[in-house]
Amino acid sequence: MMIPGFRPFEEYEEYPVDEMRRRAAEFAADMRRRRTVRHFSERAVPREIIDDCLLAAGRAPNGANRQPWHFVVVTDPDVKRLIREGAEKEEKEFYERRAPREWLEALAPLGTNEHKPFLEAAPYLIAIFAESYLVGPNGEKLKNYYVSESVGIATGFLVAALHHAGLASLTHTPSPMGFLNEILGRPENERPFLLLVVGYPAEDALVPDIGKKELSEFVTYVGNAG
Ligand code: IYR
């Protein structure tokens, strides 16, 4: 039956259950090797790889299909330096004054501080903006829906796609991030959501030796799963 505005879901591919098992396990094993990195190599990464990862991010489910995100990919060393300066200024405030002791204690195992050399070293900074609202043809504000959820999922897709391609990333959240709108010339309806640092890990990169929860610690089944 034809319903106007709808079409058959032709791109869906069903796999035999054994193949599904294998694919799910392989993906989980690959994602287990993903780590957030804070020490990047300066080695170049071809742009097409970043474009494909961004295409994957742009397929995220989102509120009312508004796709309320914008990704600014920065490679220009002068712009990276400005971003580093902006971030370090906020971070210095954060570490020296704004952060409550409890928060600093929670961060201690990660070894973070106000120095952000990776913002200049890594080949790509991807500034992710959330479109809080749209501006209509007559300048009127049009509401977007589930903006944080939508942009969060798109960012998750991007992080997974970059890892799958063999790249490392860091989800960096200098706070507040308003300086990104200024430096990157983004309009007022776009709220800076996150700054993703992307590249190869430095050869001597270290990652914190921290654990991840077991399945039973973060999953509850209700009912008998098949
Ligand atoms: N934005 C700061 C602090 C920070 C906060 C959290 I929550 C982290 O998981 C990591 C860092 C910084 O980037 O250093």
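Indexing begins at 1, ligand by ligand and atom by atom, following the structure's order. Values in this document were obtained by computation on a predicted structure and should not be read as measured data.
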Donor-acceptor pair, side chain of E217 and main chain of E214, under 3.5 angstrom
yes
Charged N to carboxylate O under 4.0 angstrom, R23 versus E26?
no
Quick test of your reading of the model: are R47 and D51 salt-bridged, counting only N-O distances below 4.0 Å?
yes
Taking NZ, NE, NH1 and NH2 as the nitrogens, is one of them in E93 or K89 under 4.0 Å from a carboxylate oxygen of the other?
no
With a cut-off of under 6.0 Å to the ring centre and 45° to the axis, is K143 in cation-pi contact with Y133?
no
Backbone of G63 reached by a side-chain donor or acceptor of N144 within 3.5 Å:
no
Measure and list all N/O to N/O distances between ligand 1 and the protein that fall under 3.5 angstrom.
| unit_1 | atom_1 | unit_2 | atom_2 | d |
| --- | --- | --- | --- | --- |
| ligand 1 | 1 (N) | E91 | OE1 | 3.3 |
| ligand 1 | 1 (N) | E91 | OE2 | 3.4 |
| ligand 1 | 1 (N) | T173 | O | 3.1 |
| ligand 1 | 13 (O) | E91 | OE1 | 3.2 |
| ligand 1 | 13 (O) | K116 | NZ | 3.4 |
| ligand 1 | 13 (O) | H172 | ND1 | 3.1 |
| ligand 1 | 14 (O) | E91 | OE1 | 2.8 |
| ligand 1 | 14 (O) | Y95 | OH | 2.5 |
| ligand 1 | 14 (O) | K116 | NZ | 2.6 |

